[in-house]
Amino acid sequence: MRLLIVEDESKAGDYLKQGLGEAGFQVTLARNGLDGHHHAMTESFDMIILDVMLPDVDGWRILKSLRDAKKQTPVLFLTARDSVEDRVKGLELGADDYLVKPFAFAELLARVRTLLRRGAAPVQSEQLTVANLHLDLLRRRVFRGDKRITLTQKEFALLELLIQREGEVLPRSLIASQVWDMNFDSDTNVIDVAIRRLRVKIDDSFTPKLIHTVRGMGYKLEVESNEDE
Ligand code: CA
């Protein structure tokens, strides 16, 4: 696995290079923005660790050049200030993760491994289809037949979960943890409300009906031969 580190502070750069080298990575260290930009644009890396505060070409420009050139190398950026603007800017420019300096090396290593796993995961099918319902995961679009349907982010995530586990009954608690990333008490109706909204959009004026309530258990998405819901 090849990593590019762009870091102008020499002690920090050496330390990262040595640590990641010992962790088994092949590391290229660029000590200024110009070199970093050059390496990033002309070579191929599995991941780039990018300090954004560089005296010459800053990290933002490197990141922007990469993404403008449609290079999807995962980028973890390092920022000295824990400012919301910085984080938002980095993520909007297409970074995958960030760390606020100072950080523990163990944390960096964990983030690097997570990003690489994500990047190295087998490319999922970009289209999910059940009956005449199509999800285009890459473009975040949903169609029922030819009709494009606009969903909120949560609705899309909910539908993606349901369609990926087509035919399985998903308990509310599982939906809550997967889609909302939190635990809801089982008596909350957040899930039910979200399902109802999703149904209005993707099921109400179409056939076959795809989202089904399994009483006392949860929800599932499938084409049922006998439907009355
Ligand atoms: Ca710096």
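Numbers for residues simply follow the sequence, beginning at 1. In listed order, ligands and their atoms are each counted from 1.
A single hydrophobic cluster is not seen to contain both Ile5 and Leu66; linkage of ILVMFWY side chains at heavy-atom distances under 4.5 Å, directly or through other members, places them apart.
Minimum-distance N/O/S atom of Asp8 relative to the Ca ion (ligand 1): OD1. Restricting Asp51 to its N, O or S atoms, the one at the least distance from the Ca ion (ligand 1) is OD2.
Ion pair Arg199/Glu155 not flagged as a salt bridge, since none of the NZ, NE, NH1 or NH2 atoms sits closer than 4.0 Å to an Asp/Glu carboxylate oxygen.
The residue from Ile48, Leu76, Leu29, Leu20 that alone fulfils the side-chain contact (heavy atoms from CB on, under 4.5 Å) condition with Leu3 is Leu20.
For the pair Arg67 (side chain) and Lys71 (backbone), a donor-acceptor distance under 3.5 Å is present.
For residue Glu9, an N/O/S atom approaches the Ca ion (ligand 1) to within less than 3.0 Å.
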